[in-house]
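What follows is one structure encoded as structure tokens, with my remarks underneath.
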There are 2 protein chains.
Amino acid sequence: MPTNAFPPLPPLPRLDNQLCFSVYALSRLITKAYQKLLEGLDVTYPQYLVLLLLWEHEALTVKALGNKLLLDSGTLTPLLKRMEQRGWLSRRRAAHDERSVIITILPAGRALELQAREIPLKLSVCIGITPAQVSDLHQQLQPLIKHLITK
Amino acid sequence: MPTNAFPPLPPLPRLDNQLCFSVYALSRLITKAYQKLLEGLDVTYPQYLVLLLLWEHEALTVKALGNKLLLDSGTLTPLLKRMEQRGWLSRRRAAHDERSVIITILPAGRALELQAREIPLKLSVCIGITPAQVSDLHQQLQPLIKHLITK
DNA sequence: AACCTTTTGATTGCACACAATTAAATTTTC
DNA sequence: GAAAATTTAATTGTGTGCAATCAAAAGGTT
């Protein structure tokens, strides 16, 4: 009896068993939850992430923002231009390296920080887990992110 | 001495401490990893998710696909039209309810299943965690998803 | 039957998200 | 110092992703 040249492979895992789909779905659900909390500020979730960084660092290059957010200029440039139009930040070339674009928070952008103070707390309620669980889960995701970044 | 009407609030959590950002970043990294594995099939990750469902169920309405993938018709309609153009599936109105659109897998779409067999294994290597960890993490994400869906 | 409500997809408009390419400026190499 | 390689953003094109709106069809009510 000849060996089977095409042995049956195990069936593809069902969608509802897949970790990757869960991460994908959860990410979109979280973004949607943020959108509700952020609509008072009239910012999107990716824009809020940019603001979080600028509130902390005052000024960052597009490159630095991209490194921290894992987003490239194809995403960031139009997003930052929209935020510039609203007067939240400024975009200018670096004097010492004309290739770099420096993003600086403006007073109007700084003013949003106060309004945003309650968001983390509200969101944790939205998601419905304890701070301990948040921390635990966060720790577990880090190695996956690290592993995928270096590819 | 009067009580302070505006006590200082705790600082906003740093980006690299936020679970939500980790989920968001991980989701995009996973999609990118899938894209590499899927480029031989010339499908995107969301299209692959549709195929996974059609390989299992043969035919589903747009509504049913949307329920399973947590995507609405604004996303699915153009995506399914692209897949129809490539001959992977058909779109037709249900006879008993002209509002419903039934998506049916075609032979060309079915043929992709064989080529996709190795993807789950390859991806688990890509992510770099054990099956036990995958299962564990997956279990932890379910309550968050359930909690956010019912909002 | 005529009306009302609900369900279902499609459509529209806007905002990411990223691969690939281009262009400009800097750094390295010789 | 000139040439080559690298770095950095911008641009372009394609594909999601979703809120809001529209239109058609089904089901229910009187």
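In what follows, chains are A, B, ... by sequence order, proteins preceding strands, each numbered from 1. Not measured: the values here are computed from a predicted model.
For the side-chain contact (heavy atoms from CB on, under 4.5 Å) with A:W88, the qualifying choice from A:L106, A:V43, A:L41, A:L54 is A:V43, the only one to do so.
Mapping heavy-atom proximity under 4.0 Å, the span of DNA chain C touched by chain B runs 5' to 3' from C:dT7 to C:dA19. Between chain B and DNA chain D, the heavy-atom contact criterion of under 4.0 Å yields a 5' to 3' nucleotide range of D:dG15 to D:dA26.
Looking at heavy-atom distances under 4.0 Å, A:T61 makes contact with sugar-phosphate atoms alone, never a base. Counting non-hydrogen atoms under 4.0 angstrom, A:T44 reaches the backbone sugars and phosphates but no base.
Every pair passing salt bridge (charged side-chain N to carboxylate O under 4.0 Å, His left out) that includes a residue from residues 78-90 of chain A is listed here, sequence neighbours excluded: A:D42-A:R86, A:E84-A:R91. Applying the salt bridge (charged side-chain N to carboxylate O under 4.0 Å, His left out) test to residues at least two apart or on different chains, the pairs with a partner in residues 57-77 of chain A are A:E58-A:R110.
Under the 4.5 Å side-chain heavy-atom criterion for ILVMFWY residues, a single connected hydrophobic cluster contains both B:L79 and B:L53. A:L52 and A:I102 fall into different hydrophobic clusters, where Ile, Leu, Val, Met, Phe, Trp and Tyr side chains are chained together by heavy-atom contacts under 4.5 Å.
For the helix from C:dA1-D:dT30 to C:dC30-D:dG1, the end axes, each set by the C1' atoms of five terminal pairs, are bent relative to each other by 10° (nearest 10°).
With contacts defined as side-chain heavy-atom distances shorter than 4.5 Å, the pair B:T31/B:T44 does not qualify.
Each of A:G74 and B:S73 lies near DNA chain C, and the nucleotide nearest B:S73 is the one positioned closer to the 5' end.
Of the residues in residues 90-97 of chain B, those with a non-hydrogen atom less than 4.0 angstrom from any atom of DNA chain C are B:R91, B:R93.
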